[in-house]
Amino acid sequence: HISVDNQLFSDQVFDFIDDTLSSIPSNSNVVLCLYYRDKEIPILRNYILSKNLNWVHGANPYDINSLHRIHRLFSSSKTVYSQEIGSVQAYAGLCGAKVGLSRNYFLENKPSYKLIKRAEWTFLENLDYISKYYDHLLCNNIMEAKECKEWAKKETGAYILLSENEIRKI
């Protein structure tokens, strides 16, 4: 799972991809999952094409089939590895994939986050915070990713079950 920031594109993205590819067996089937707008960044698109890498669109808030597509993708994935924390870890974990968050390429202080009006989420861009509360996700490389289905169930509230009447009252 690749996250790029249109506001501040850097070689860190290429280093993350290259390091990840170098730490897995060469016969592995690797698919980059890109945020729906990131495929439009010419330098990223050219890099992916030059390396002959497979890629798919990630979640897209404007695509009615996005959730189904991501479910199929994560359900058929052995490992999902990213350089930023988000719903990707919980959803991939729910689908049974091993999950990892890069410690070495963790994306901090993403400028485009500052453009979105929402509750303050900068703590999720802080590696010290992530180390304290989500240390089980942090890896030095993709091979350290772990199964975390139980954690994902707790994170997403899968154990909170309501009756039909309780739902109606909400």
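Throughout, residue positions are numbered sequentially from 1 according to the sequence presented.
Although no hydrogens or angles enter the test, the distance criterion places no donor-acceptor pair under 3.5 Å between the side chain of R45 and the main chain of D38. Within the 3.5 Å criterion, the main-chain N or O of Y159 finds no donor-acceptor partner in the side chain of K153. A donor-acceptor pair is defined here as one N or O able to donate and one able to accept, closer than 3.5 Å; no such pair exists between the side chain of N141 and the backbone of S23. No side-chain donor-acceptor contact under 3.5 Å links E84 to the backbone of G86. Proximity of a side-chain donor or acceptor of S28 to a complementary backbone N or O of I24 within less than 3.5 Å is not detected. For N65 (side chain) and H68 (main-chain N/O), no donor-acceptor pair under 3.5 Å exists by modelled atom type. The closest donor-acceptor contact from the side chain of Q12 to the backbone of Y105 lies under 3.5 Å. With hydrogens and angles disregarded, a donor-acceptor distance shorter than 3.5 Å links the side chain of S163 to the backbone of E166. With E144 contributing its side chain and S102 its backbone, the two residues share no donor-acceptor pair below 3.5 Å.
Donor-acceptor pairing under 3.5 Å is recorded for the side chains of D18 and Y47.
Counting heavy atoms from C-beta on, the side chains of N54 and V30 never come closer than 4.5 Å.
Atom-to-atom distance recorded for Y134:OH and C148:SG is 12.0 Å, nearest 0.5 angstrom.
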